[in-house]
Amino acid sequence: MEELLRQLIEYAGDDYCPEQDSFLLMLISDAIDEVSLEMYPYGFSSDKEEESVKQKAIKRYKSNIRKIAQYHYDKQGREGVTGWSESGTSVSYDSSDTPSSYLRGIVPTAKIV
């Protein structure tokens, strides 16, 4: 998680200040949760299993997690917005949530009951 935080700080560049660390960690944590739920769409049987899946997600899908966190960092102040225009510049998003393309390549797992 420290490496992901360092990469997100590097991505933020001059916009970064140490007071943002808790916010950046929240973005990373949310991205890990999103990837974990994509890996296990039917949920977890215990907190221990959930923690194990999160560790696997960090190892296997670090790039996806970083990109999701960066995406939501860039959308600060525009949560829920799917498009906007300002001074002749137009921006549109696939949806107000994480685009499905950021979750592409994540292999879901299901258990046989």
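Everything numeric in this text was worked out from a predicted model, so none of it was measured.
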**Q** Are Glu2 and Arg6 close enough, and set up right, to give a salt bridge (charged side-chain N to carboxylate O under 4.0 Å, His left out), and what steps lead you there?
**A** CA-CA 6 Å; Glu2 292 300 318; Arg6 184 186 52 74; over 6 Å; no
**Q** Restricting to non-hydrogen atoms, name the atom on Tyr61 and the atom on Gly105 that form the minimum distance, rounded to 0.1 Å.
**A**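 Closest approach of Tyr61 to Gly105, heavy atoms only: CE2-O, 3.7 Å.
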**Q** If you group Ile, Leu, Val, Met, Phe, Trp and Tyr by side-chain heavy-atom gaps below 4.5 Å, do Leu8 and Phe23 land in one group?
**A**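 Linked within one cluster.
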**Q** Give a yes or no on whether Ile9 and Met26 share a hydrophobic cluster (residues Ile, Leu, Val, Met, Phe, Trp, Tyr; joining criterion: side-chain heavy atoms under 4.5 Å apart).
**A**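 Looking at the clustering, Met26 is in the same group as Ile9.
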**Q** Taking the side chain as every heavy atom from C-beta outward, state whether Tyr71 and Pro99 have any pair of such atoms under 4.5 Å apart.
**A**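 Counting from C-beta outward, Tyr71 and Pro99 do come under 4.5 Å.
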**Q** For atom OH of Tyr16, is the number of surrounding heavy atoms from other residues, nucleotides or ligands below 6.0 Å larger than 12?
**A**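 Atom OH in Tyr16 is packed in, count exceeds 12.
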**Q** What are the two closest non-hydrogen atoms of Ala31 and Ile65, and how far apart are they?
**A**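 Nearest heavy atoms, Ala31 then Ile65: CB-O, 3.5 Å.
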**Q** For the residue pair Tyr11 and Tyr73, categorise the inter-ring angle as parallel (less than 30°), tilted (30 to 60°) or perpendicular (more than 60°).
**A**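 Ring orientation of Tyr11 relative to Tyr73: perpendicular.
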**Q** Any side-chain to backbone donor/acceptor pair from Glu51 onto Lys48? Under 3.5 Å, distance only.
**A**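 Checking the backbone N and O of Lys48 against the side chain of Glu51, no donor-acceptor pair under 3.5 Å is found.
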**Q** Side chains of Met39 and Val53: closer than 4.5 Å at any heavy-atom pair?
**A**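 They are in side-chain contact.
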**Q** Can you see whether Ser36 engages Glu50 through a side-chain donor-acceptor pair at a distance of less than 3.5 angstrom?
**A**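 No, because no side-chain N or O of Ser36 sits under 3.5 Å from a partner of the opposite role on Glu50.
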**Q** Please report the interatomic distance CE(Met1) to CD(Gln55), rounded to the nearest 0.5 Å.
**A**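 CD of Gln55 is found 9.0 Å from CE of Met1.
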**Q** Run the numbers on Glu34 and Thr98 for side chain to side chain contact (heavy atoms under 4.5 Å, CB included), then give the verdict.
**A** CA-CA 9 Å; Glu34 203 164 340; Thr98 302; 2.9 Å; yes
**Q** For residues Tyr102 and Val107: do they belong to one hydrophobic cluster (side chain heavy atoms under 4.5 Å, members Ile, Leu, Val, Met, Phe, Trp, Tyr)?
**A**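 In one cluster with Tyr102: Val107, yes.
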**Q** Does Asn64 reach the main-chain N or O of Leu103 with its side chain, forming a donor-acceptor pair under 3.5 Å?
**A**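 Answer holds: no.
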**Q** Are Gln70 and Gln7 side-chain neighbours, meaning at least one heavy-atom pair lies under 4.5 Å?
**A**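 Not touching, per the 4.5 Å side-chain cut-off.
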**Q** Can you find a heavy atom in the side chain of Lys56 that is under 4.5 Å from one in the side chain of Tyr40?
**A**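 When only atoms from C-beta onward are counted, Tyr40 and Lys56 do touch, with a gap below 4.5 Å.
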**Q** Is any side-chain heavy atom of Ile28 closer than 4.5 Å to one of Arg66?
**A**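 They are not in contact (no side-chain heavy atoms under 4.5 Å apart), so the answer is no.
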**Q** Could you measure the distance from the CG atom of Leu27 to the CG atom of Leu4? Nearest 0.5 Å is fine.
**A**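 Rounded to the nearest 0.5 Å, the CG-CG separation comes out at 11.5 Å.
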